[in-house]
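Okay, so here's the structure we're looking at.
Since the structure is predicted, the reported quantities are computational estimates derived from the model, not experimental observations.
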Amino acid sequence: MGETSKSLNFIEQIIEEDLRSTHSKSDLRFRFPPEPNGYLHIGHASSICLNFGLGLRYNAPVNLRFDDTNPAKEEKAFVDAIKRDVSWLGYEWDTERYASDYFQQLYDWAVLLIKNGKAYVDSQTSEEMAVQKGTPTEAGSPSPFRERSVEENMQLFQDMKAGKFEEGTHVLRAKINMASPNMLMRDPIMYRILHKAHHRTNTDWCIYPMYDWTHGESDYIEQVSHSLCTLEFLPHRELYDWFLDQVYNPAQLRPKQREFARRNLSHTVVSKRKLLRLVQENVVEGWDDPRMPTISGLRRRGYTPESIRNFADTIGIAKRENLIDVSLLEFHVREHLNKITPRVMGVLDPLKVVITNYPEGKEEWLEAENSPEDESMGTRKIPFGRELYIEKADFKEEANRKFFRLKLGGEVRLKNGYIIKAESCTKDDNGEIIEVQCSYDPKSLSGSGTEESLRKIKGTLHWVSVAHALPAEIRLYDRLFTHESPDGQKDRDFMDFVNPASLEVLTGYVEPSLASAQEEERFQFQRMGYFCVDRQSTPEHLIFNRTVGLRDSWVKIQGKDD
RNA sequence: UGGCCUAUGGUGUAAUUGGCAACACUACUGGUUUUGGUCCAGUCAUUCUAGGUUCGAGUCCUAGUAGGCCAACCA
């Protein structure tokens with residue numbers, strides 16, 4: 001809806017073409033196939049949005065399938081985390097599947113291959129096999145075990161399954177072509193012995209199928225019509241098809257693998273190994289640190305599922321290399337947060353203001369709109385008093401006319417409050433300004449309708465009443481890496497590009513309405529950015545994470561003048 | 001130096017499949033504004049190169065060039 005006029009990406013064009021020729025609409029089925037060996041990240045989000053987006057577009061089922069064929073690396077905890085992240089992104093899978101559900105079927109098919117002379121047990125070391133494999137420019141040579149009899153292969157394979165051998169002693173290999181220009185076709189391994197407990201099948205199996213043998217057959221079992229993966233799997237397609245040929249029944253739908261380019265986000269890394277190093281070397285606090293590109297990190301940072309989906313939708317899908325600037329992701333959060341967040345006031349770097357002609361002990365509760373974007377969000381009351389906090393950066397003793405803020409002898413509007421004028425300021429022994437004395441115009445209250453209240457004042461500041469202010473821990477985040485492509489530099493370790501200033505922790509003050517803010521609740525601190533309540537926040541110790549700042553043209557103006 | 005994939009602005013995707021290079025972001029101008037936000041208006045391209053076919057080429061042909069992927073008992 002609304003996107004009907006949008007042109008199709010190449011995957012959609014393939015599907016449309018299939019719909020015109022070989023497929024009916026009810027044939028369509030997709031899958032998202034993560035390995036439960038780590039946390040999902042922004043790159044996965046793109047694949048999730050692609051597959052589930054296709055499901056939505058064609059009203060077709062999408063399975064969540066865990067590719068759990070390597071018990072050495074996989075855990076139930078990752079399964080749970082992945083399910084949580086996919087759900088949080090807003091998608092519903094048709095059925096929850098596991099490659100391990102198919103271990104018996106895969107085994108039976110492997111036996112069939114052996115009987116058909118298409119697979120054999122190799123009993124060499126991995127080093128020996130690596131040598132025989134050849135190189136991209138030289139053909140491989142056959143294993144001495146390549147011509148074992150069907151009977152011998154059957155016996156050995158059964159003994160492998162029965163646990164009679166140690167790890168590394170035998171593997172089952174497909175008998176294809178040791179001279180193929182495609183290295184993957186040089187008799188790929190189908191099964192290896194692994195005496196490890198699996199998080200679902202426990203010790204039922206001690207031989208485990210490899211990715212290539214598993215993936216296409218799993219797609220076939222589930223009758224997935226379009227199996228979409230990233231471009232580095234393109235050379236696997238030939239093997240995917242070969243394995244399918246061995247078991248394919250023309251009465252059934254034949255899955256096709258198609259490949260798209262993985263999306264690369266600037267100023268971050270996404271490989272599990274690298275993310276793990278960031279965690280282990282304490283560059284970040286954990287997998288859900290708000291600076292991490294993991295889905296859980298983005299969630300804790302304050303990103304919304306909608307913004308991530310819109311981002312994925314905007315960048316689209318294609319086959320060429322790419323490096324997407326984070327500013328595009330940031331645009332999408334701002335766009336969404338601008339619409340949905342209530343405005344509040346919080347002072348990050350406080351400077352005290354005393355309104356000398358405001359009666360001592362007096363307090364007023366002023367009316368403030370919750371959102372200029374959405375009137376239905378209503379209004380709230382905020383306390384005003386003689387002593388306020390404003391932002392340190394909002395006062396200078398003297399400044400040029402481009403400085404729309406408070407300066408000695410100058411006026412400024414306090415948001416939702418009065419117009420004040422700076423009369424004097426006091427400094428500490430180091431010459432740092434610690435207090436500003438102002439006068440206010442009692443008739444200038446916002447919304448009062450008086451002539452004074454209607455005066456046009458160039459600057460408007462946010463503020464918090466000292467008497468009512470709630471202290472809060474404010475965590476400001478910046479990009480984790482200073483280089484747009486930290487892991488793409490020859491001879492440089494990505495850790496060399498870690499931004500030492502990616503986290504800044506401040507103690508600020510927020511308006512009292514925030515006392516009851518709940519975890520993951522989001523706000524716009526006016527003029528300061530969008531903030532999200534951290535999961536570590538308590539009523540006694542409020543913590544706000546800055547998701548992203550507002551667009552700020554002031555920093556640019558400053559940059560030019562200085 | 002074997003095979004395969006890709007090439008359109010600073011970024012990402014389009015181009016009715018041979019017919020005025022479009023959309024979004026960024027950056028820059030200006031306007032509006034009780035957020036230097038939002039919103040509104042505007043500016044920013046010899047489609048990797050060289051030839052060719054054609055009335056007409058980002059799209060087709062030829063030859064180059066550049067980048068990426070492939071030799072884990074990982075996925």
Secondary-structure string, 5' to 3', Watson-Crick or G-U under 3.5 Å, | for another-strand partners, for RNA chain B:
.((((((..((((.....[..)))).(((((.......)))))....(((((..]....))))))))))).....
Give me the one residue out of A:Phe395, A:Tyr440, A:Tyr389, A:Phe384 that meets ring-ring contact (aromatic ring centres under 6.0 Å, His included) with A:Trp463.
A:Phe384
Has [X] got a side-chain N or O lying under 4.0 Å from the OP1 or OP2 atom of [N]?
X        : N     : answer
A:Lys458 : B:G36 : no
A:Lys319 : B:U6  : yes
A:Arg192 : B:C74 : yes
A:Thr69  : B:A75 : yes
A:Arg320 : B:G68 : no
A:Lys556 : B:C28 : yes
A:Arg343 : B:U34 : no
A:Ser7   : B:A22 : no
A:Arg173 : B:C73 : no

Looking only at side-chain atoms of A:Gln13, point me to the closest of B:U38, B:U35, B:A15.
B:A15
Looking only at B:C73, B:U13, B:C5, the nucleotide nearest the A:Asn322 side chain is B:U13
B:G37 base / A:Glu373 side chain donor-acceptor hit below 3.5 Å:
yes
Base of B:U34, side chain of A:Arg413 - is there a donor-acceptor contact under 3.5 Å?
yes
For B:U65, decide between syn and anti, treating a glycosidic angle within 90° of 0 as syn.
anti
For atom NZ of A:Lys272, is the number of surrounding heavy atoms from other residues, nucleotides or ligands below 6.0 Å larger than 12?
yes
More than 12 foreign heavy atoms under 6.0 Å from NZ of A:Lys421: is that the case here?
no
Worked verdict on A:Thr304 versus A:His336 for side chain to side chain donor-acceptor pair (under 3.5 Å)
CA-CA 8 Å; A:Thr304 61; A:His336 189 221; 2.7 Å; yes
Interface with RNA chain B, restricted to residues 261-277 of chain A and to heavy atoms under 4.0 Å:
A:Arg263
For a side-chain hydrogen bond (donor to acceptor under 3.5 Å, both in side chains) with A:His462, tell me which candidate from A:Gln526, A:Arg527, A:Lys415, A:Glu511 qualifies.
A:Arg527
Strictly under 3.5 Å: I want the nitrogen or oxygen pairs between protein and nucleotides 64-67 of chain B, one per line.
residue : atom : partner  : partner atom : Å
B:G67   : O2'  : A:Glu321 : OE1          : 2.8
B:G67   : O2'  : A:Glu321 : OE2          : 3.4
B:G67   : N3   : A:Glu321 : OE2          : 3.4

Whole Å only: how far is the NE2 atom of A:His236 from the C1' atom of B:C5?
14 Å
Can you tell me, in whole Å, how much space there is between the P of B:U47 and that of B:A21?
10 Å
Span that lies between the C1' atom of B:C48 and that of B:U35, in whole angstrom
46 Å
Over all strands shown, is A:Phe260 touching base, sugar-phosphate only, or nothing at heavy-atom distances under 4.0 angstrom?
nothing
Remember a base hit wins even if backbone is also touched, and classify A:Ile457 as base, sugar-phosphate or nothing at under 4.0 Å, heavy atoms.
nothing
Does A:Val464 reach the side chain of A:Val510, with side-chain heavy atoms less than 4.5 Å apart?
no
Validation row: A:Ile324, A:Asn264 side chains within 4.5 angstrom (heavy atoms):
no
For A:Asp85, which of A:Ile48, A:Leu40, A:Leu298 qualifies under side chain to side chain contact (heavy atoms under 4.5 Å, CB included)?
A:Leu40
